[in-house]
Amino acid sequence: MSYNTLNVSFKASSATSGEDICFIQMHRPEANNTINGELIEEIWQVIKTYREQVKIIVLSGLPEVFCFGADFAAMANEEPQVGEGPQPLYDLWRELAFGPFVTIAHVRGKANAGGIGFVAACDLVLSETRAEYSLSEMLFGLMPAYVMPFLIRRIGFQRAHAMTISTTPVSATEAKSWALVDDVDDDAQGLLNRHLRRLRRLNKKAIARYKDYLADMDQEIAVNRPKAIVANEKVFHDQENMAKISRYVTTGQFPWE
């Protein structure tokens with residue numbers, strides 16, 4: 001299958017298995033690898049099609065940017081629909097967290113805003129040393145409403161809160177000390193290969209059973225979904241916010257200027 005926003009490939013984990021490792025590269029170089037509706041829909045399409053086949057999903061971005069968050073240009077040209085649902089991005093992150101496969105965020109370059117949602121949702125985060133992690137939403141009058149339940153689950157309330165308020169980028173080394181990142185190396189591909197050599201030994205049935213157990217034990221993501229939707233709607237349906245975002249898209253002028 002071909003995709004407009006992704007590069008997708010597969011590899012067998014052993015000589016006797018089918019192609020059970022799925023590599024999904026977010027590929028929107030013309031838009032700084034930002035998130036739009038088509039990107040969300042296409043990742044969902046891959047997961048739904050191959051959910052029962054794959055046991056490992058490796059999610060990556062571009063060399064300079066993993067994912068930079070919402071596509072403001074697309075948002076500025078679209079009329080938001082109040083109360084529409086289900087909310088596909090939040091549910092996509094929940095699937096990455098609890099679906100019947102191991103998910104790896106393979107991060108090079110910058111991960112910002114919604115990009116942190118993809119990072120925090122994955123089982124393992126493998127980072128190039130020069131990668132940076134940030135939440136910039138508050139600078140634009142927004143908040144990382146969808147990101148927070150996943151980020152708090154991974155690094156704790158205060159770290160997630162400080163990252164949101166400060167908006168300051170965090171290095172890969174510091175992110176590892178916070179447990180946002182699980183392993184760091186200058187050689188991003190070598191790092192991934194080392195982990196895949198071990199992970200490919202896992203059994204698909206065992207992974208699925210464990211992730212089901214994990215989802216039953218960890219209910220916070222499901223419980224916080226309605227709150228996240230309401231908070232997200234408030235900031236993205238604030239006309240002042242949207243006017244400033246539209247101005248930023250058109251002129252490059254930041255909201256505080």
Side-chain angles (χ1 to χ4, degrees), residues 1 3 6-27 33 39 42-63 66-67 91-109 111 115-131 133 150-151 153-155 172-173 175-218 221:
M1 298 179 67
Y3 305 92
L6 307 175
N7 290 325
V8 180
S9 61
F10 296 86
K11 184 182 291 186
S13 62
S14 70
T16 58
S17 72
E19 293 185 320
D20 53 4
I21 303 177
C22 176
F23 298 86
I24 303 175
Q25 181 193 33
M26 295 180 282
H27 191 261
N33 246 24
L39 177 76
E42 289 191 340
I43 297 176
W44 257 125
Q45 186 179 352
V46 175
I47 290 177
K48 288 176 180 177
T49 302
Y50 300 104
R51 191 176 194 271
E52 304 308 318
Q53 171 185 331
V54 301
K55 67 179 183 181
I56 301 171
I57 294 176
V58 179
L59 183 68
S60 65
L62 302 171
F66 173 75
C67 175
D91 293 341
L92 172 59
W93 291 342
R94 188 176 189 278
E95 179 71 0
L96 291 174
F98 299 119
F101 31 66
V102 174
T103 51
I104 301 172
H106 187 218
V107 183
R108 298 173 295 167
I116 299 296
F118 281 109
V119 167
C122 286
D123 296 312
L124 292 173
V125 181
L126 307 180
S127 177
E128 191 173 43
T129 306
R130 67 186 182 91
Y133 301 82
F150 297 90
L151 187 59
R153 173 177 175 262
R154 182 169 259 277
I155 67 174
T173 303
K176 185 176 186 295
S177 73
W178 293 5
L180 177 58
V181 166
D182 295 296
D183 207 352
V184 179
D185 200 296
D186 292 339
D187 178 7
Q189 189 59 48
L191 178 65
L192 175 63
N193 291 341
R194 288 200 304 274
H195 281 268
L196 286 178
R197 279 196 293 271
R198 188 79 177 184
L199 291 168
R200 67 177 64 226
R201 300 174 183 174
L202 299 181
N203 175 271
K204 167 71 173 177
K205 186 183 292 185
I207 294 169
R209 284 175 174 167
Y210 169 64
K211 295 295 284 289
D212 278 346
Y213 166 69
L214 202 64
D216 286 340
M217 186 173 62
D218 185 354
I221 298 299

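Excluded from the calculations below are hydrogen atoms, water molecules and symmetry mates; all remaining heavy atoms, backbone and side chain alike, are included. Here the structure is a predicted model, which means the values were calculated and not measured.
- In this structure, Tyr210 OH and Phe98 CZ are separated by 9.5 Å, a value rounded to the nearest 0.5 Å.
- Residues Leu62 and Arg108 are not in side-chain contact: their nearest non-hydrogen atoms beyond the backbone lie 4.5 Å or more apart.
- Using a 4.5 Å heavy-atom threshold, the side chains of Ile56 and Ile104 count as touching.
- With sequence neighbours excluded, the residues that form a ring pair (Phe, Tyr, Trp, His ring centres under 6.0 Å) with Tyr50 are Phe10.
- Taking all atoms of both residues into account, the shortest heavy-atom contact from Ala121 to Thr103 is O-OG1, 4.3 Å.
- Residue His106 forms a side chain to side chain contact (heavy atoms under 4.5 Å, CB included) with just one option from Val58, Ile24, Leu124, and that option is Val58.
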**Q.** Working for side-chain contact (heavy atoms from CB on, under 4.5 Å), residues Ile221 and Trp93
**A.** CA-CA 10 Å; Ile221 298 299; Trp93 291 342; over 6 Å; no
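- For the side chain to side chain contact (heavy atoms under 4.5 Å, CB included) criterion with Pro100, the lone passing option out of Lys55, Lys205, Glu95 is Glu95.
- Minimum interatomic distance between Val184 and Ala172 (heavy atoms only, all atoms of both residues): CG2-O, 3.8 Å.
- Between the OH atom of Tyr213 and the CG atom of Asp218 there is a distance of 11.0 Å, given to the nearest 0.5 Å.
- Within the model, atoms SG of Cys67 and CG of Leu39 stand 7.0 Å from one another, a figure rounded to the nearest 0.5 Å.
- Here the shortest heavy-atom pairing between Met26 and Leu6 reads CA-CD2, 4.1 Å.
- Within 6.0 Å of the CZ atom in Arg209, the count of heavy atoms belonging to other residues, nucleotides or ligands does not exceed 12.
- Shortest non-hydrogen contact noted between Gly115 and Phe66 is O-CE2, 3.7 Å.
- To the nearest 0.5 angstrom, Ser60 atom OG is 9.0 Å from Gln189 atom CD.
- With a 4.5 Å cut-off on side-chain heavy atoms, Val107 and Tyr133 count as touching.
- Between Asp123 and Lys211 there is a side-chain heavy-atom pair separated by less than 4.5 Å.
- In this structure, the side chains of Leu180 and Leu151 come closer than 4.5 Å at one or more pairs of heavy atoms.
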Q) side-chain contact (heavy atoms from CB on, under 4.5 Å) between Phe150 and Val119: does it pass, once the steps are laid out? A) CA-CA 9 Å; Phe150 297 90; Val119 167; over 6 Å; no
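- Separating the CZ atom in Arg51 from the CD1 atom in Ile57 is a distance of 9.5 Å, to the nearest 0.5 Å.
- You'll find the side chain of Lys11 stays beyond 4.5 Å of the side chain of Leu196, heavy atoms only.
- Here the side chains of Phe101 and Ile47 are in contact, with some heavy-atom distance below 4.5 Å.
- When all heavy atoms of Arg194 and Arg197 are compared, the pair lying nearest together is CG-NH2, 3.2 Å.
- You'll find the side chain of Asp187 stays beyond 4.5 Å of the side chain of Leu191, heavy atoms only.
- Taking the charged nitrogens against the carboxylate oxygens, Asp20 and Lys204 have no contact shorter than 4.0 Å, which rules out a salt bridge.
- Nearest heavy-atom pair, Asp183 versus His195, reported as atom, atom and distance to 0.1 Å: OD2-NE2, 2.9 Å.
- Remark: the backbone N or O of Ala179 is paired with a side-chain donor or acceptor of Arg154 at under 3.5 angstrom.
- To the nearest 0.5 Å, atom NZ of residue Lys176 and atom CG of residue Asp182 are 8.0 Å apart.
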